[in-house]
Amino acid sequence: MVRITLMDGSVRVVEQGTTLGALAANISRGLAKAAIAGKVDGELKDLSYPLKADADVEIMTIESEGGLEVLRHSISHLLAQAVQNLYPGTKLGIGPAIANGFYYDFDSEHVFTPEDLGTIAAEMARLAKENYAYQRREVSRAEALAFFGERGEEYKVELIEDLPEGVAISMYTQGNFTDLCAGPHIPSTGFAKAFKLLNLAGAYWRGSEKNKMLQRIYGTAFAKAADLDDYLFKLEEAKRRDHRKLGLELDLFSLHDEGPGFPFFHPKGMILRNTLEDFWRVEHRRRGYQEIKTPIILNRKLWEQSGHWDHYKENMYFTQIDDDDYAVKPMNCPGGMIVYKTKLRSYRDLPLRVGELGLVHRHELSGALHGLLRVRNFTQDDAHIFMLPSQIKDEIIGVIELVDYFYHVFGFEYHVELSTRPEDSMGSDEAWDMATRALEEALQAKGMDYKINPGDGAFYGPKIDFHLRDCLGRTWQCGTIQLDFQMPEKFDLTYIGEDGQKHRPVMIHRVVYGSIERFIALLIEQYAGAFPVWLAPIQVRILPISERHEEYAKALVSQFNELDIRAEVDERREKIGYKIREAQTEKIPFTLVVGDQETETESVAVRRYGQANSGEKIAFKDFVALIQEEIRRKS
RNA sequence: GCCGAUGUGGCUCAGAGGUAGAGCAGCUCACUCGUAAUGAGCAGGUCGUCAGUUCGAUUCUGACCAUCGGCUCCA
């Protein structure tokens with residue numbers, strides 16, 4: 001007999017060899033039905049796993065988060081089975097569960113088309129109905145190599161060869177299909193009830209562009225059909241928030257063949273930009289930042305000195321002036337270095353916080369361009385902080401707090417990553433260690449959760465990245481803090497210390513928005529285009545009922561203008577319903593209807609965006625107070 | 001850059017080997033109107049670009065460009 005401790009702390013004594021499935025049945029009939037896998041002493045196991053010794057056990061149901069992952073992973077095997085049935089000779093890559101579903105990579109003679117997805121899904125449904133059991137078998141390395149080698153599964157062979165010594169190698173078989181897999185899996189294919197194949201993509205084997213490109217099929221799966229429908233509906237909803245669609249509809253910006261990756265900002269988009277920049281300037285001035293502007297094109301020698309020529313050339317654009325080589329700046333820092341060096345600095349000047357809204361150009365691969373989220377020129381809300389080594393931690397904490405404050409104002413949730421030394425980089429290991437440790441300590445001092453991103457730092461230093469989410473759940477790096485011991489060295493930056501001697505300052509590169517363009521894209525999606533009043537390109541639209549109310553409407557507009565409130569009149573000879581509809585379509589926060597009653601009483605009938613059946617009449621001066629308060633609160 | 005898909009008036013989309021349509025938007029006219037579309041009329045496209053096949057191509061083929069979904073890369 002073995003003693004099993006369950007999640008709730010209760011203990012069951014069962015016969016040795018009892019399977020997890022039998023244990024679940026022993027606990028309750030409901031659990032037996034919902035169970036798909038389990039955890040034994042924290043390790044994921046199939047329901048068929050026999051309990052050999054005393055253990056802590058958790059039975060996982062299909063509804064639980066871990067359970068959903070098991071289900072999705074199992075359905076990726078089902079996908080592979082269907083594909084190999086339909087397209088014999090297809091070789092298998094990998095097929096994991098991912099955040100919202102799963103994928104499987106294939107190497108096939110057949111080029112999959114979107115139409116094939118329906119055929120494959122039908123085959124999957126057929127296989128699910130057959131209700132094959134997922135049977136686990138542990139094998140020796142030699143046996144596994146022989147099995148997959150015989151079948152020409154070169155990718156599986158490569159995976160097996162890379163498995164560490166001593167690890168158990170297992171294979172799962174359902175019907176005529178066997179895959180190399182650690183498991184666990186659902187008991188049988190019949191559990192796959194609600195799944196959908198979503199799209200096709202190319203993906204390099206093991207994520208390296210040096211390898212062959214495989215064909216990846218993405219899909220998703222849920223415990224029940226209602227959950228799947230719900231998810232598919234949310235995907236559709238998300239498309240409505242897409243900043244590329246809303247940017248066009250709301251007339252904020254446009255992209256053209258004449259400048260791929262070089263966005264054009266329209267008047268309304270400029271209001272957004274300028275509002276964000278104004279806010280940025282106010283908040284930075286308050287925190288002791290100064291502002292500079294450095295040139296966009298600078299001499300080749302500068303880029304050689306900074307190390308960009310050696311480490312960043314592929315991403316840069318070049319030009320010639322009077323037979324000399326110049327580069328268009330991909331970063332603002334070298335310009336900032338030059339400004340620092342324009343005079344002798346004292347330790348009393350430090351920390352020196354110097355900001356720059358700088359337009360940088362970077363050559364991104366054509367296939368990577370994406371609306372305003374990935375472009376080839378963008379404005380960084382950059383700043384370089386020059387400081388004493390003793391000021392590092394406090395300065396980093398100051399930036400972390402600043403970023404947190406900004407994102408909070410816009411209602412963004414974010415996650416943080418710490419990126420360490422990349423392969424192509426400069427400087428000593430000691431300097432990198434010191435810098436990485438300083439960033440880590442600051443994060444710990446703030447009690448922040450963070451993920452480590454090995455080898456993803458800038459070529460001159462490690463960094464803390466702040467990631468925001470787009471409407472489809474993809475995350476984008478926005479804010480970043482990069483600690484740099486290299487540039488001060490390269491440019492021989494100095495300050496005069498208390499001892500009257502020259503010393504080397506340390507510097508931070510940091511951005512809060514990251515890229516104004518990217519931040520605007522995420523804002524559009526965050527608010528679904530319905531901006532809070534302080535950001536809205538048009539804050540108030542006045543709709544006169546008829547021609548005789550136009551004069552009053554115009555008088556209101558000039559009063560709003562006096563107060564820096566962005567207002568306009570819709571003077572078209574249209575019915576009020578038509579004008580209301582249009583103002584709502586344009587997501588204008590406040591629509592004011594003015595007719596005889598309002599004209600006579602110096603009032604306005606207020607309709608807020610998204611609120612039907614309103615039209616509350618209030619005095620004009622009361623409305624002004626209301627909107628001013630809302631602008632002030634940035635809500 | 002790589003894999004796949006797409007590319008028709010400002011926008012959303014239909015269409016066929018014989019030289020293009022709809023709705024919305026725009027313009028004109030009428031209606032002067034109280035909270036999500038008043039009616040009528042007009043105008044607007046060398047069908048992404050460049051080659052090729054053909055008596056003839058926007059429709060077939062190829063190359064290129066751009067966009068979309070990924071991979072890679074990064075703010």
Side-chain angles (χ1 to χ4, degrees), chain A residues 103 105 111-116 198-218 239 242 244-245 248-249 251 254-261 312 314-315 330-331 358 360 362-382 419 456 458 463 465-468 472 474 476-480 482 509 511-519 521-522 543-550 573-585 591-598 605-607 610-617:
Chain A
Y103 67 79
D105 287 345
V111 177
F112 298 116
T113 67
E115 293 75 58
D116 293 337
L198 295 172
N199 41 29
L200 290 161
Y204 297 109
W205 167 239
R206 298 198 142 181
S208 167
E209 57 191 327
K210 293 185 188 80
N211 292 336
K212 180 163 183 181
M213 179 159 276
L214 308 179
Q215 300 186 67
R216 176 172 295 179
I217 298 179
Y218 282 94
K239 281 187 196 151
D242 192 307
R244 291 165 299 187
K245 183 172 151 64
L248 179 76
E249 286 172 6
D251 198 14
S254 56
L255 288 154
H256 303 272
D257 286 4
E258 290 83 349
Y312 210 73
E314 292 70 45
N315 289 295
M331 296 186 194
V360 298
R362 297 184 184 175
H363 181 71
E364 294 296 332
L365 295 176
S366 59
L369 301 177
H370 184 99
L372 291 184
L373 284 168
R374 168 141 300 107
V375 292
R376 284 179 172 154
N377 77 357
F378 55 99
T379 305
Q380 288 188 307
D381 62 317
D382 218 340
S419 296
D456 215 28
K463 55 180 189 165
D465 293 328
F466 296 78
H467 291 252
L468 300 180
L472 290 174
R474 299 175 291 206
W476 298 86
Q477 184 187 319
C478 289
T480 173
Q482 312 179 344
H509 311 241
V511 288
V512 179
Y513 292 135
S515 135
I516 307 273
E517 290 75 4
R518 177 176 286 182
F519 202 80
L522 293 168
L543 312 184
I545 298 273
S546 78
E547 206 170 344
R548 65 177 179 278
H549 309 117
E550 273 174 21
R573 306 291 146 77
E574 294 290 350
K575 283 173 65 181
I576 201 69
Y578 181 88
K579 295 187 196 175
I580 295 261
R581 179 188 148 78
E582 205 142 282
Q584 294 293 301
T585 309
T591 304
L592 305 182
V593 175
V594 295
D596 287 339
Q597 300 159 37
E598 290 78 12
V606 181
R607 180 177 174 131
Q611 288 181 7
N613 299 325
S614 61
E616 191 198 350
K617 251 182 274 307

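Letters go in sequence order (proteins before strands), and every chain restarts at 1.
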So, is A/Arg244 near the phosphate of B/rG69, with a side-chain N or O under 4.0 Å from OP1 or OP2?
yes

Is the closest basic N to carboxylate O distance between A/Arg376 and A/Glu517 below 4.0 Å?
no

Over all heavy atoms of both residues, which pair between A/Arg244 and A/His370 is shortest? Give the atoms and the distance, please.
NH1-CE1, 3.2 Å

So for A/Arg573 and B/rA30, does any side-chain atom that can act as donor or acceptor lie under 3.5 Å from a complementary atom in the base?
no

How close do A/Pro330 and A/Val360 get, counting heavy atoms only, and between which atoms?
O-CB, 3.4 Å

Using a 4.0 Å heavy-atom cut-off, does A/Glu547 contact any base of the nucleic acid, only the sugar-phosphate backbone, or nothing at all?
base

Would A/Phe378 count as stacked on B/rA75 if the rule is ring centres under 5.5 Å and plane angle under 30°?
yes

Within the structure shown, what part of the strands sits under 4.0 Å from A/Gly202 by heavy-atom distance: base, sugar-phosphate, or nothing?
base

Using a heavy-atom cut-off of 4.0 Å across all strands, would you classify A/Glu616 as base, sugar-phosphate, or nothing?
nothing

Looking at A/Phe519, A/Trp476, A/Phe466, which hits ring pair (Phe, Tyr, Trp, His ring centres under 6.0 Å) with A/Tyr513?
A/Phe519

So, OP1 or OP2 of B/rG69: does either fall under 4.0 Å of a side-chain N or O from A/His370?
yes

Less than 4.0 angstrom between a side-chain N/O of A/Tyr312 and OP1 or OP2 of B/rC73, yes or no?
no

Whether the side chain of A/Glu364 and the base of B/rG1 hold a donor-acceptor pair under 3.5 Å is what I'd like checked.
no

Have a look at A/Leu369 and say if it touches a base, only the backbone sugar-phosphate, or nothing, with a 4.0 Å heavy-atom cut-off.
sugar-phosphate

